[in-house]
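Quick note: numbers below take in every heavy atom, side chains included, and nothing from hydrogens, waters or symmetry partners.
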Amino acid sequence: MPPKKTPVKKVPEAAVDGELRALFLNRGAAQRNVSRIQTILERAEADNVELTSAKIKVYQRSVENAHTEYTRFHQETIALSPPDYLEEQEECYHKFLDLYEDVSVLLESWNEKFTAPPTQHPSCVTNQQPIIVQSQSFGAPLPTFDGHYEAWPRFKAMFQDLMQRSSDSDAVKLYHLENSLKGDAAGVIDLETLQDNNYQRAWDILEERFGNTRVILESHILGLLNLKRMSKRSSKELRSLIDECTRHVENLLKLGQPLSGMSELLVVTVLTRALDDQTRELWETSFDQTELPEYEQTIKFLKQRCVILERCESSAPKVSLNPKVSNQKPPASKLMPSKLSNAVFVSSVNCPWISAIPKSRSYTCVSIV
C-alpha cells in the first residue's frame, strides 16, 4: 500500500492579494487551453476523426504559447507566495508539466501520421508540399482582451480591422482570436466552435458575453467617479489624471452619450476635485466665476499646466544633501581660541559645533571676522 501523502496547505483567502489572484487566473487560463486541446485530440482518436496538418500545427503553437505563459506566471507566483505555500505552487506546476508533456506526445503522434512515408509505388509519389499555417505580418501587434467590459469595443474594432486586411483562413483567424483572449476572457469560446473553426460563431459568443452596452457604460461612469486624487503637485500624476478622464469621456461619446448640461458639469466637478490644491486654485482663477466651467476649457487648462510643471521639474536644480557632513567633527585648530590669530567676537547664537566638543572641556563659540 503506497504511503499517504501529507496534505498540502491551501493558501488562505486572506493571504492572497489582488496580484496573486490575477496570477492564479492567468495561470489557470493557460492550463485550460492545454486541457482543451487534449480533449480535442482524444475525441478525434476515439471517434476516428481525421485532423488536418494545419490544425495540428495550430494546436502545437497554442500549447507552446500556453507553456510559456504558465511558466512566466508561475515564476511570478513563486516570488509573491509566502514560504509555507511554495510546496503547493510547485505541485501545481508539476501537474501542468505532466499535462503539457501528455499533449505534446499526442501532437507528435499526429505529426507522424502526416510525415509517414507513402505505401504506394515510388513512381506514384508526387511532390506534395506540406500544409503549413500562414503567418503574416499584420503591420501592428495583435491586441489582447482581458475581460474588462470597458475595453471590449476598442479590442473588437482593432482586431477585426487587422483581420479584414488578412488573407488567412478562418481557422488561423480563430487561432489568433483565441490567443488574444486573456484573464477572464480566456476559455469563453466553447469547444465545439473551436473544433468547427467557426470564426463568426466565436465572435457571436464574445459579443453576447462582453458587448453589453449598459455594462460598458456603467464601467466608464464608475471609472470617472473613482478618479484617483493627486497626492502632490506633479506633472506625472496630473498627466495620468488627464489621460484617465479623457479615456472614459471619449469612450462614452463613442457609445452615443453626449457631454452636455448636467453630465458635463458632473465630469468637470469630479475631475477638478481630484487635483492638488495649488492646481485647483489656479484653475478656479482661470475662468469667470459667474459662468459654469466647461469640460474642453478645463482639459485645455490642465494640459497647459502639465507642460509648465514638466518644464519646472526638468529645470529645477538637484540638491544633494549629505547628512554625514554635518556630523563630522571640525578640526580642533578651528575650535581652540588660543590658536586663532585673527580678531574674534563672541557669538550669542547657538553654535552647531558645540555638540562636537567633549563634555569635559569648556570652549567659547566664536565667529571669525
Q) What residue pairs, at least two apart or across chains, pass side chain to side chain donor-acceptor pair (under 3.5 Å) with a residue in residues 273-282? A) Arg229-Asp277, Arg233-Gln278, Asp276-Thr279, Thr279-Arg305, Arg280-Glu284

**Q.** Thr68 side chain to Glu64 backbone, donor-acceptor under 3.5 Å
**A.** yes

Q: Using only heavy-atom distances, determine whether the side chains of Trp283 and Thr298 contain a donor-acceptor pair under 3.5 Å.
A: yes

Q. Are the side chains of Val307 and Arg311 in touch, meaning some heavy atoms are under 4.5 Å apart?
A. yes

(Q) Just so I know, are the side chains of Leu217 and Asn251 near enough to count as touching, which here means a heavy-atom distance under 4.5 Å? (A) no

**Q.** Validation row: Asn212, Ile216 side chains within 4.5 angstrom (heavy atoms)
**A.** no

Q: State, with a plain yes or no, whether a side-chain heavy atom of Leu224 is found less than 4.5 Å away from one of His220.
A: no

Q: May I ask you to decide whether Glu244 forms a salt bridge with Arg247, counting only side-chain N to carboxylate O separations under 4.0 Å?
A: yes

Q. If you look only at pairs with a residue in residues 184-207, which of them pass as a salt bridge (Lys or Arg N to Asp or Glu O under 4.0 Å), with sequence neighbours excluded?
A. Lys156-Glu207

Q. Could you walk me through whether Lys55 and Asn197 pass the side-chain contact (heavy atoms from CB on, under 4.5 Å) check?
A. CA-CA 9 Å; Lys55 280 188 176 181; Asn197 291 324; 2.9 Å; yes

Q: For side-chain contact (heavy atoms from CB on, under 4.5 Å), just list the numbers for Leu177 and Leu206, CA-CA rounded to whole Å, side-chain angles, deciding distance to a tenth of an Å, and then say yes or no.
A: CA-CA 10 Å; Leu177 176 59; Leu206 293 172; 4.0 Å; yes

**Q.** Any Ser240 side-chain heavy atom under 4.5 Å of Met230 side chain
**A.** no

Q) Is there a side-chain contact between Ile37 and Leu41 (heavy atoms, below 4.5 Å)? A) yes

(Q) Are the side chains of Ile205 and Thr193 in contact, using a 4.5 Å heavy-atom criterion? (A) yes

Q: Give the cluster check for Ile299 versus Phe287: same hydrophobic cluster or not, with ILVMFWY residues linked at side-chain heavy-atom distances below 4.5 Å.
A: yes

Q | N/O donor-acceptor pair under 3.5 Å between Asn65 side chain and Arg61 backbone | A | yes

Q.
Please check: side-chain N/O of Lys228 versus main-chain N/O of Ala274, any donor-acceptor pairing under 3.5 Å?
A. no

Q | Exercise: identify the closest heavy-atom pair between Glu310 and Ser235 | A | CG-CB, 3.4 Å

**Q.** Distance (rounded to the nearest 0.5 Å) between Ser286 OG and Gln304 CD
**A.** 9.5 Å

Q) Between Arg36 and Glu178, is there a side-chain N and carboxylate O pair less than 4.0 Å apart? A) yes

**Q.** Lys254 and Glu250 ion-paired at < 4.0 Å
**A.** no

Q: Write out all pairs satisfying side chain to side chain donor-acceptor pair (under 3.5 Å) with one or both partners inside residues 255-270, taking only residues at least two apart or from two chains.
A: none

**Q.** Leu191 CG to Ile40 CD1 distance, which is reported to the nearest 0.5 Å
**A.** 5.0 Å

Q | Minimal non-hydrogen separation, Leu174 against Asn198, with atom names | A | CD2-N, 4.0 Å

Q: Would you mind reporting whether Tyr93 and Thr71 have side-chain heavy atoms less than 4.5 Å apart?
A: yes

Q | Spacing of CG belonging to Leu241 relative to CG belonging to Leu275, to within rounding of 0.5 Å | A | 6.0 Å

**Q.** CA sep, side-chain torsions, deciding dist, call: Arg239, Asp243, salt bridge (Lys or Arg N to Asp or Glu O under 4.0 Å)
**A.** CA-CA 6 Å; Arg239 182 73 69 185; Asp243 292 343; 5.6 Å; no

Q: Kindly give the heavy-atom pair with the smallest separation between Leu253 and Pro258, and that separation in Å.
A: CD2-CA, 3.9 Å

Q) Going through the distances and angles, do Ile56 and Thr52 end up as a side-chain contact (heavy atoms from CB on, under 4.5 Å)? A) CA-CA 7 Å; Ile56 295 301; Thr52 64; over 6 Å; no

Q) Between Leu181 and Thr144, is a side-chain contact (heavy atoms from CB on, under 4.5 Å) present by the stated rule, with each step listed? A) CA-CA 6 Å; Leu181 303 178; Thr144 58; over 6 Å; no

Distance-only criterion, 3.5 Å: show the donor-acceptor pairs between side-chain atoms of residues 25-32 and protein atoms not counting sequence neighbours.
from, atom 1, to, atom 2, distance (Å)
Asn26, ND2, Ala22, O, 3.2
Arg27, NH1, His74, ND1, 3.4
Arg27, NH1, Gln89, OE1, 3.2
Arg27, NH2, Gln89, OE1, 2.9

Q: Report yes or no: do Ser231 and Glu237 form a side-chain donor-acceptor pair below 3.5 Å?
A: yes

(Q) Quick check for you: to the nearest 0.5 Å, what is the distance between Leu238 atom CG and Leu309 atom CG? (A) 6.5 Å

Q) Would Val188 end up clustered with Phe159 when hydrophobic side chains under 4.5 Å apart are linked, directly or stepwise? A) yes

Q. Is Glu296 salt-bridged to Lys300, going by a charged N under 4.0 Å from an acidic O?
A. no

Q | Within one Ile-Leu-Val-Met-Phe-Trp-Tyr cluster: Leu266 and Leu227, side-chain cutoff 4.5 Å | A | no

Q | Connected hydrophobic set around Met158, excluding itself, where side chains approach under 4.5 Å | A | none

Q. How many angstroms lie between OH in Tyr70 and CG in Leu97, if you round to the nearest 0.5 Å?
A. 8.0 Å

Q: Just say parallel, tilted or perpendicular for the rings of Phe96 and Tyr100, cut-offs at 30° and 60°.
A: parallel

Q. Around atom CD of Glu208, are there more than 12 heavy atoms of other residues, nucleotides or ligands at under 6.0 Å?
A. no

Q. When clusters are formed by joining ILVMFWY residues with side-chain heavy atoms under 4.5 Å apart, either directly or through shared neighbours, do Leu106 and Leu51 land in the same one?
A. yes

Q: Supply the atom-to-atom distance Lys182 NZ to His148 NE2, rounded to the nearest 0.5 angstrom.
A: 15.5 Å

Q) Phe145: what forms a ring pair (Phe, Tyr, Trp, His ring centres under 6.0 Å) with it, not counting sequence neighbours? A) Trp152, Phe155, Phe210

Q) Taking a hydrophobic cluster as the set of Ile, Leu, Val, Met, Phe, Trp and Tyr residues connected by side-chain heavy atoms closer than 4.5 Å, whether directly or through intermediates, do Leu302 and Ile308 fall within one such cluster? A) no

